[in-house]
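Taking it in order: structure first as structure tokens, then the write-up.
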Amino acid sequence: MDNYNFTEIEKKWQKKWKEAGLFTVDVKDIKNKYYCLMMFPYPSAALHVGHGRNYIIGDVVARYMKMKGYNVLSPMGFDAFGLPAENAAIKNGVHPEDSTMKNISTMKRQLDSWGVLYDWAREVASCKSEYYKWTQWIFLKLFEKGLAYKKKAFVNWCPSCNTVLANEQVVDDSCERCDTAVEQKDLEQWFFRITDYAQRLLDDIGKLGDWPEKVKTMQRNWIGRSEGVNIDFPVDGTDIKLTCFTTRVDTVFGCTYMVLAAEHPLIDKLVENGPDKLKIMDFIKEVRTISKIERGGAVGDKNGIFTGRYVINRMTGKKIPLWIADYVLMEYGTGAVMAVPAHDQRDFDFARKYELPLEVVIDNPKESLNAGSMTAAYEDPGILVNSGDFNGLLSDTAKTKIAEYMESNGIGRRSVHFRLRDWLISRQRYWGAPIPIIYCGKCGTVPVPEKDLPVKLPKVVEFRPTGESPLKYAPDFMDTRCPACGGKAAREIDTMDTFVDSSWYFLRYISPGIDDRAFDTDDVNNWLPVDQYIGGVEHAILHLLYSRFITKVIADMGYIAFDEPFKRLFTQGMIVKDGAKMSKSKGNVVAPDSLIERYGADTVRLYTLFIGPPEKDAEWSDQGVEGAYRFIKRMWYVFDLMDNSAPGGEGNPKAGKEVICKMHATIKKVTEDIEGEFHFNTAISAVMELVNGIYSAVNEYGADSLSEKLLESVMRNITLLVAPFVPHVAEEMWQKLGGKVSVFKSEWPAYDPELLLTDTVEIPVQFNGKLRGKVEVERGLGEDRLREIISGDEKIALWLKGVKIKKWVILPDKLVNIVGVNE
RNA sequence: GGGCGAGUGGCGGAAUGGCAGACGCAAGGGACUUAAAAUCCCUCGGCCCAUAAAGUCGUGAGAGUUCGAGUCUCUCCUCGCCCACCA
């Protein structure tokens, strides 16, 4: 047998698969369709082995499904707009387009060298105008429906980088790149009205049966639905009513003051003629301008100021003071909070600081509360006290009763609030899809007509940050004509968040070439929802939520017939090195190229899959790679065993029986591991055991103990089983075994349940739950006979001496436990 | 503060409530070799002990359910991730 020359083998098969179009799909052929999708990557300079995990897992699934007879669509593309390219451009003076295209070609080469196959004819890159034309079209569709709108909003501003930051670039209230504290700046911004879909996005999580529970929970928390009551508080001496939202209406009798957010729109009117107006305005200014980090850095440190006004708590009839404080957020609820210091820790802290009164209205059933001696708010449910007609009720009952009372007396209304905010999609950046909007002095905000798409991103632009959108300084881009009146007009200079690009790419793969529509409705309806989506858990919230939203919007407009894009989701864990995420700055990046050169792609794939359960993080070990390499060689050299076995010989029946049994068990195990939770690590270890089994049979019973025929049949099955994991060597082995077509066009092996079973079984025998011996008996032995054999066993008998047996627990063919006491 | 995970040998990790540590890495010993690499074989949780056998302890800690618990229940500790002054 030849040596295992992985370089030659891998080159050869990669070329042949390409020529044969192994993963080329005709979308019109929808029989047995299977859409296997991996999250498309951002084109960074080079991939490391951590990135590889995603593609290798996906490739295993695609190849496995292919062998199961499915028509597998596995496309790939690039999420090519975005900040890193722009930042690199600022730093190195290379145009983002050039660096991005260069990175894409590097990545494609790396993916090829891993043996990961895609239908490359469907490749998309979000920075190409033939793609973003349709991202812009989606924007226009949302605009048409009133789902895209512009409003003033605070954006994250890094004063050091002189630029706007996306939320995800703000880490611990500081700039992700330079660690400077992020400020809030008030700018006109485009939003998508995702909040209109909050309830549906929440409800439909129920449809996502095959998503990880963890991801579903994260989405639920992010949407954050809470039920409560909007309560009106009249401001004493005015006709103004302030409305606050609460989920704890049961505590309303304990509301001893009220607090507004500093951004609350009615503040100006309320303090207009007050004596402390200037002091209050100063306070508000401070809260607004101070960066978030100082404002909320230490939770518990709350600052506020009295407005001089009082509001009426209509449940108690009492006048309570109205305050402004930095711990109330304008973005959530109504920006006004009824403060119940006895039953809310934040209100408690604030009340203690400013010596505001505290009233217990929910008593702790275990230990009565004392307003004076409380050291913390009592936030648990309890029994109502000091609450008029509602005294004695349990919190839960009181919530309903009080809400009903408020509704029938016009004090408040039941209401639902979400934490989810509208999606801010404007970026004051260059490297993104331009927002297709034109501003005309006469006609106002005018959408670019569909026929004028794409609005092309100009190539020559000064994109060094000035604090304004770089496109402002591209006159050829900026200056245009109004599509409505033909007069002079200016283009929108902001670009779109890259999450917009990635929220629909899975549709484009179906119809990559067409330029008169974003996608073909029939084809998309035939192929989607995606059967299996695979990607990192870091996208659990934003990308997946946005994709679900856009899908629903497009579905509502009638372009597609489904409203959830991904049927089944798998989120793989990160690969870390020395306990940390791989990154260039930490210097712990493991590059695949040199490993592939040294051991071959199959080895790197095998180790990546063997490293641990794929949904969990795993620590990379270069020594572990060596082990994977050894296994492949060990498998390869089974061919030598075949050469050495006696030609035409019958072999040793006992050895043969053992190997056959093991073989069927392995087929069962590998199949179940792949189809279940993608536990490739245990699937691979099962094959390792089978290969070890062959070697030990030969060791124990001699070189000719396994007939050539048997070895060949075992090898054939091993080859099929490992094909998705180590495709090149498997294809080579398959050919050597006489395979006429590709192993990936061959049928996945089936096991014979009859042959899984050995003739005899070894039964562990316990005494009082502790293992005391084992007996080897024939399979399917009756309980009486088993009891007899065990009682007669010398070793067991020692333990049963002087013992009164109370009970025999017998699991036929599996285990026996004798329960007894010493007499 | 809230949510979700996870704690098993020197390490990565296995184990439908039924033999804890599969498989692999590392380590030690041996065979082959002039030598090395590669390969093959053996040992490999702790204690007791002479290497054994037999015994005994052992899955973060403690309790519970059970004939039987790494696995189920409760309490606690530690670590990781996500969210976080969300009313």
Side-chain angles (χ1 to χ4, degrees), chain A residues 3 212-218 220-222 224-226 228 244-249 251 255 259 261 292 295-302 325-329 331-340 343-347 349-350 379 417-421 537-538 540-541 573-574 576 579 606-607 610-613 615-628 630-631 633-634 637 640 679 681-689 691-692 695-696 698-699 762-774 795 798 806-811 814-820:
Chain A
N3 279 334
E213 231 19 80
K214 178 172 68 167
V215 174
K216 290 196 274 187
T217 309
M218 281 164 86
R220 272 190 208 104
N221 292 344
W222 188 260
R225 182 182 197 272
S226 27
C244 77
F245 172 70
T246 183
T247 54
R248 289 296 306 271
V249 72
T251 66
C255 167
V259 207
K292 265 193 186 165
R295 178 171 166 179
V299 171
D301 180 29
K302 299 173 175 61
D326 59 3
Y327 76 96
V328 177
L329 308 170
E331 308 92 82
Y332 185 75
T334 60
V337 171
M338 70 165 210
V340 185
H343 305 295
D344 182 289
Q345 191 56 41
R346 293 155 303 175
D347 299 341
D349 296 340
F350 191 77
E379 297 183 321
H417 282 254
F418 293 93
R419 288 184 39 182
L420 184 70
R421 318 274 161 76
V537 73
E538 65 273 17
I541 299 175
M574 231 174 10
V576 299
L606 188 73
Y607 177 65
F610 186 63
I611 193 166
E615 73 280 7
K616 293 207 186 114
D617 289 353
E619 169 80 28
W620 184 271
S621 142
D622 287 335
Q623 281 162 333
V625 179
E626 193 82 42
R630 275 203 281 266
F631 169 69
K633 282 192 287 185
R634 211 169 143 79
Y637 289 117
D640 282 351
H679 282 176
N681 55 330
T682 47
I684 290 165
S685 66
V687 183
M688 286 173 168
E689 282 183 69
V691 173
N692 289 347
Y695 279 88
S696 26
V698 170
N699 260 314
E762 196 186 46
I763 297 181
V765 181
Q766 299 179 330
F767 177 62
N768 285 338
K770 287 207 166 96
L771 182 72
R772 293 306 182 195
K774 290 176 183 182
K795 256 183 81 180
L798 277 172
K806 286 168 71 182
K807 188 173 164 189
W808 288 74
V809 179
I810 299 175
L811 286 82
K814 270 186 101 175
L815 176 134
V816 170
N817 187 17
I818 305 163
V819 187

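None of these values were measured; they are calculated from a predicted model. Excluded from the calculations below are hydrogen atoms, water molecules and symmetry mates; all remaining heavy atoms, backbone and side chain alike, are included.
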Using the P atom on both, measure B/U59 against B/C19 and round to a whole Å.
15 Å
Write down the distance separating the C1' atoms in B/C86 and B/G5, rounded off to the nearest Å.
24 Å
Which atom of A/V340 lies closest to which atom of A/T251, heavy atoms considered
CG2-OG1, 3.4 Å
To the nearest angstrom, how far is A/K806 atom NZ from B/U66 atom P?
12 Å
Could you please name the option among B/C82, B/C23, B/G68 that lies closest to any side-chain atom of A/M218?
B/C82
Which part of the nucleic acid, if any, lies within reach of A/W808 when heavy atoms closer than 4.0 Å are counted: base, sugar-phosphate only, or nothing?
nothing
Could you work out which one of B/C23, B/C4, B/A87 sits closest to the side chain of A/N692?
B/C23
Tightest non-hydrogen contact, residues A/A325 and A/V259, listed as CB-CG1, 3.3 Å
Is there a side-chain contact between A/V337 and A/C244 in this structure, where contact means two heavy atoms from C-beta onward sitting under 4.5 Å apart?
no
Taking atom NZ as the centre, does A/K216 end up with more than 12 heavy-atom neighbours from other residues, nucleotides or ligands that are less than 6.0 angstrom away?
yes
RNA chain B: 5'-proximal contact among A/S226 and A/A686 (nearest heavy atom)
A/A686
For the residue pair A/H679 and A/E615, establish whether any side-chain heavy-atom pair is separated by less than 4.5 Å.
yes
Whole Å only: how far is the CD1 atom of A/I541 from the C1' atom of B/C4?
11 Å
Side chain of A/Q766 only, please: which of B/A87, B/A84, B/G18 is the nearest?
B/G18
Minimum side-chain heavy-atom gap A/V819-A/N768 below 4.5 Å:
yes
Evaluate the ring planes of A/F350 and A/Y327, with Trp represented by its six-membered ring, and classify them as parallel (under 30°), tilted (30 to 60°) or perpendicular (over 60°).
tilted
Mind checking the P distance from B/C76 to B/C82? Whole angstroms is fine.
25 Å
Before you tell me yes or no, could you show the steps for A/R634 and A/N692 under side-chain hydrogen bond (donor to acceptor under 3.5 Å, both in side chains), namely the whole-Å CA-CA distance, both residues' side-chain angles and the distance that decides it to 0.1 Å?
CA-CA 9 Å; A/R634 211 169 143 79; A/N692 289 347; 3.0 Å; yes
Do A/K302 side-chain and B/C85 base share a donor-acceptor contact under 3.5 Å?
yes
P-based separation of B/G46 from B/G64 [nearest Å]
30 Å
A/I818 CD1 to A/I810 CD1 distance, which is reported to the nearest 0.5 Å
8.5 Å
Is the shortest heavy-atom distance from the side chain of A/V765 to the side chain of A/R772 under 4.5 Å?
no
For the pair made of CH2 in A/W222 and C1' in B/C4, what is the distance, rounded to whole Å?
16 Å
Within the sub-3.5 Å range, which N or O atoms of nucleotides 53-59 of chain B have a protein N or O partner, and how far apart are they?
{"unit_1": "B/U56", "atom_1": "OP2", "unit_2": "A/R772", "atom_2": "NH1", "d": "2.9"}

What's the gap between B/G70 and B/G9 when it is taken at their P atoms, as a whole Å value?
14 Å
note: A/N768, atom CG; B/A69, atom C1'; distance rounded to Å ~ 16 Å
Using the P atom in both, what is the distance from B/A52 to B/G45, to the nearest Å?
11 Å
Salt bridge (Lys or Arg N to Asp or Glu O under 4.0 Å) partners of A/E689, counting only residues at least two apart:
A/K662
Would you call the rings of A/W620 and A/Y607 parallel, tilted or perpendicular, where under 30° means parallel and over 60° means perpendicular?
perpendicular
Shortest non-hydrogen contact between A/A628 and A/L606, atoms and distance
O-CD2, 3.7 Å
Would you check if A/M688 and A/V691 make a side-chain contact, meaning some heavy-atom pair closer than 4.5 Å?
no
Residues at least two apart in sequence or cross-chain that pass ring-ring contact (aromatic ring centres under 6.0 Å, His included) with A/F610, listed by chain then number, are none
Whole angstroms only, please: what is the CD-C1' distance between A/E213 and B/C82?
16 Å
In whole angstrom, give the distance that lies between atom CG of A/D622 and atom P of B/A26.
12 Å
In whole Å, I'd like the distance from the CD atom of A/E615 to the C1' atom of B/C4.
14 Å
Syn/anti label of B/G9 as read from its glycosidic torsion, with the cut at 90° from 0:
syn
Atom C1', compared across B/A50 and B/A38: separation rounded to whole Å:
36 Å
Of the nucleotides B/A87, B/G18, B/C85, which has the atom closest to the A/V328 side chain?
B/A87
Of A/T247 and A/T217, the one whose closest RNA chain B nucleotide lies more 5':
A/T217
When the C1' atoms of B/C48 and B/G58 are considered, how many whole Å apart are they?
15 Å
Looking only at non-hydrogen atoms, find the nearest pair between A/E762 and A/P764 and report the distance.
O-CD, 3.5 Å
Watson-Crick or G-U pairs under 3.5 Å in RNA chain B, rendered as dot-bracket with [ ] for crossing pairs and | for another strand:
(((((((..(((.....[....))).(((((.......))))).(((.......)))..(((((..]....))))))))))))....
What contact category does A/N221 fall into here, base, sugar-phosphate, or nothing, at under 4.0 angstrom with non-hydrogen atoms?
sugar-phosphate
Polar side-chain contact A/K774-B/C19 base: donor and acceptor under 3.5 Å
yes
Using a cut-off of under 3.5 Å, enumerate the N/O to N/O pairs linking the protein to nucleotides 39-43 of chain B.
{"unit_1": "B/U39", "atom_1": "OP1", "unit_2": "A/K633", "atom_2": "NZ", "d": "3.4"}
{"unit_1": "B/C40", "atom_1": "OP1", "unit_2": "A/R634", "atom_2": "NH1", "d": "2.8"}
{"unit_1": "B/C41", "atom_1": "OP1", "unit_2": "A/N699", "atom_2": "ND2", "d": "3.3"}

Rounded to the Å, how far apart are A/L420 CG and B/C83 P?
14 Å
Taking only N/O atoms, report every protein-nucleotides 12-16 of chain B pair under 3.5 Å with atom names and distance.
{"unit_1": "B/G12", "atom_1": "O2'", "unit_2": "A/I611", "atom_2": "O", "d": "2.9"}
{"unit_1": "B/A14", "atom_1": "OP1", "unit_2": "A/N681", "atom_2": "ND2", "d": "3.3"}
{"unit_1": "B/U16", "atom_1": "O4", "unit_2": "A/K814", "atom_2": "NZ", "d": "2.1"}

Quick check for you: among B/A87, B/G18, B/C19, whose closest atom lies nearest to any side-chain atom of A/R346?
B/A87
